[in-house]
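Computed over heavy atoms, backbone and side chain alike; hydrogens, waters and symmetry mates excluded. Given the structure is predicted, the values throughout are model-derived calculations rather than measurements. Here is the naming used below: chain letters follow the sequence lines, and residue numbers restart at 1 for every chain.
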Amino acid sequence: MNRSKILHLLKSEHPVKDVVVRGWVKTRRDSKSIFFLEVNDGSCLENLQVVATGETGNFDIIQKILTGTSVKVTGDLVPSPAKGQRWELLAKKVEILGLTDSSYPLQKKRHSDEFLRTIAHLRPRTNKYGAMFRIRSEASFAVHLFFKERGFYHIHTPILTTLDCEGAGELFAVLEASRDNKQRAPLFDKTLYLTVSGQLAAEMFACSLGNVYTFGPAFRAENSNTPRHASEFWMVEPEVAFCDLHQNMDLAEEFVKSLVLFLLENCKPDLSLFSRFIDPELMPRLESICHLEFERIPYKKAVDILKKADISFSYPVKYGLDLQTEHERYLTENFFKKPVFVYDYPREIKPFYMRVNDDGQTVAAMDLLVPKTGELIGGSQREERLEVLEGQMESAGISKELYGWYLDSRRYGTVLHSGFGMGFERFLMLATGVKNIRDVIPFPRTPGTVLF
RNA sequence: UCCCCAGUAGCUCAGUCGGCAGAGCAGGUGGCUGUUAACCACCGUGUCCGUGGUUCGAGUCCGCGCUGGGGAGCCA
């Protein structure tokens, strides 16, 4: 490494001679014979204050430095005589790596999220988005750590699929194209789609490796225009053999708690930005997620609670109807005031692969509802009985031929198994208090808008 | 896809009753031995989203469109 990271320098226990720092200038302050540069290198939220005095010399160069300029600074890390920071870099030499000009859109002031979305290629240079994407990276690592510690195998499931009805919404079809626009024979004899979920493939691996998970992109062509939906998003999907619905909920609860705990332990400074400027309730909420037991109620009981609620809903509450957003919010935000699993939904409103309960009326499905974000996780025990599954497919109008390989897992040594999917961006919204999914993913894709 | 709200300088926004287009920040020049979104002085900046209409006169009122945001549905 030919540079020191600011993260490490600011944690130093003693002065250090001759360090090299490379980064981007956040702001420059100057008077007649002294310059101050705030330099950020992305290693942490905080900037390093660089001080240039007469001894540094090249003031004519330093004067060209505007917000956004990339620099290399050589100097000594010394205790700062002024308030505001413990350490500062007393520069011996300041070199400009890349100049900027007055058209640089980021300034040393607050910008709106809407504006920053139009410059998503530059927004990670801001405090907020720098923190966001460091947290995203840590959360991603925590996902793998959680499953690794529990003996799960990570499966890379296909992104190109042939199944057009996985019970999870509209799909993007994939067309082959030549760069020269010439006609050519198709490579595949079927239409290919971008996957909406790795679940069906993951089930095959759960029924061989036991405990597996996928963590990859999912694509949905729904015309959803909300702060909680994106056309391309990342999803974590564990799938576990010999696991029933209640053990599935145990796993989901442990998983969410573990991710939050990991962030609290490893991302304190970055999280504090969100609790200070984005959501003052963030820290209490994260703490309560870690410590409170999640509520678990059957769908039927949820309906009873909603019927007795002393507020009037816009949509009717009736056994057999799906819960509306307003109902879910009431349950998690007003009634229980913590994460809530709702399980055993009527079979008519859930996909074909969910296990039919003994009552014949409900399926072993579960949704995890959390305050603010709403539905974070959706999962189920899978229907492992061949005849029942075939019956479910028939009533859903799904081709048994196309799903022949899927049915094989029920034909040969079938086992009880369960799994769930967690929207990774939804989790990040919960973990940071950010209200729009476009602001927790590097280059958001939403209906009608792909800028990058 | 449906409902509601918004669009004014590079950015954040003000603009009263329909009557000459404004401020802060950013940028430029100068000043200041230690600043903390530094400060002080001076300087420039506009398709008022587009389009059609009402009016002597429209940033302001009305219709349509575009873009963005919020709510709903769908879902993770």
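Here A/Ser31 does not reach the OP1 or OP2 of B/U35: none of its side-chain N or O atoms lies under 4.0 Å away. Under 4.0 angstrom from either OP1 or OP2 of B/U35 there lies no side-chain N or O belonging to A/Lys83. For B/C32, one of the phosphate oxygens OP1 or OP2 lies less than 4.0 angstrom from a side-chain nitrogen or oxygen of A/Lys32.
Rounded to an integer number of Å, the gap from CD of A/Gln107 to P of B/G28 is 12 Å. Here the C1' atom of nucleotide B/A26 and the CG atom of A/Leu122 are 15 Å apart, to the nearest Å. A straight line from CZ of A/Arg445 to P of B/C75 spans 24 Å, rounded to a whole angstrom. Distance A/Lys128 NZ to B/A37 P: 20 Å, rounded to the nearest Å. If you take CD1 of A/Ile34 and C1' of B/C39, they are 15 Å apart, rounded to a whole angstrom. Separating the CG atom of A/Asp101 from the P atom of B/G28 is a distance of 10 Å, rounded to the nearest angstrom. Between A/Arg28 atom CZ and B/A37 atom C1' there is a gap of 15 Å when expressed in whole angstrom units. Distance, A/Asp30 CG to B/A37 P: 16 Å, rounded to whole Å.
Aromatic ring pairs are classed by plane angle as parallel below 30°, tilted from 30° to 60° and perpendicular above 60°; the pair A/Tyr403 and A/Phe352 is perpendicular. Note on ring orientation: taking the six-membered ring where Trp is involved, the planes of A/Tyr343 and A/His246 are perpendicular (angle over 60°, cut-offs 30° and 60°). Ring geometry for A/Tyr299 against A/Tyr319 counts as perpendicular: the plane angle is over 60°, on a 0 to 90° scale with 30° as the lower cut. Taking the six-membered ring for Trp and thresholds of 30 and 60 degrees, A/Phe427 and A/Phe424 have nearly parallel ring planes, at less than 30 degrees apart. Using the six-membered ring where Trp is involved, A/Phe215 and A/Trp234 have ring planes that are perpendicular, over 60° apart on the 30 and 60° scheme. Ring planes of A/Phe141 and A/Phe262: tilted class, angle from 30 to 60°.
Between the CD atom of A/Glu383 and the CD atom of A/Gln381 there is a distance of 8.5 Å, given to the nearest 0.5 Å.
Out of B/G27, B/G34, B/A76, the shortest distance to the side chain of A/Ser102 is found at B/G27. In this structure, of B/A37, B/C25, B/U36, it is B/U36 that holds the atom nearest to the side chain of A/Glu38. Minimum atom distance to the side chain of A/Arg426 is reached by B/C75, of the listed B/C32, B/C11, B/C75. Comparing B/A38, B/C75, B/G27 by their nearest atom to the side chain of A/Arg29 picks out B/A38.
Comparing B/G15 with B/A9, their P atoms are spaced 15 Å from each other, to the whole Å. Rounded to the nearest Å, the gap between the C1' atom of B/A14 and that of B/C66 is 25 Å. Taking atom P in both B/U8 and B/U51, the straight-line distance is 16 Å, to the nearest Å. B/C11 and B/G73: their P atoms are spaced 35 Å apart (whole Å).
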Could you list all N or O pairs between the protein and nucleotides 41-51 of chain B that sit under 3.5 Å apart?
none

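Ring-base stacking between A/Phe233 and B/A76 is satisfied, the centre separation being under 5.5 Å and the plane angle under 30°.
A/Pro81 comes within 4.0 angstrom of a base, heavy atoms only. Backbone-only engagement by A/Leu66 is indicated by non-hydrogen atom pairs under 4.0 Å involving sugar-phosphate atoms exclusively. Within the 4.0 angstrom heavy-atom criterion, base atoms lie near A/Ala230.
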- [ ] Starting at the 5' end of nucleotides 65-72 of chain B, put B wherever the base has a protein heavy atom under 4.0 Å, S where only the sugar-phosphate does, and a dash everywhere else.
- [x] ---SSSSB
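Exactly one of A/Val356, A/Thr362, A/Asp367 qualifies for a side-chain contact (heavy atoms from CB on, under 4.5 Å) with A/Lys350. That residue is A/Asp367. Among A/Phe452, A/Phe133, A/Phe233, the one residue that satisfies the ring pair (Phe, Tyr, Trp, His ring centres under 6.0 Å) test with A/Phe443 is A/Phe452.
Heavy atoms from other residues, nucleotides or ligands lying under 6.0 Å from NZ of A/Lys338 number more than 12. Annotation: A/Glu149, atom CD; neighbour count of heavy atoms from other residues, nucleotides and ligands within 6.0 Å is above 12.
For A/His111 against B/C11, a side-chain-to-base donor-acceptor contact under 3.5 Å is absent. The base of B/G73 has none of its N or O atoms less than 3.5 Å from a complementary donor or acceptor on the side chain of A/Glu222. On a pure distance criterion of 3.5 Å, no polar donor-acceptor pair joins the side chain of A/Lys109 and the base of B/C25.
In this structure B/C2 sits in a base pair with B/G71, meeting the Watson-Crick or G-U test at under 3.5 Å. With a 3.5 Å ceiling on both atom-pair distances, B/A58 lacks any Watson-Crick or G-U wobble partner.
Both A/Phe115 and A/Gln49 sit near RNA chain B, but only A/Phe115 has its closest nucleotide nearer the 5' end.
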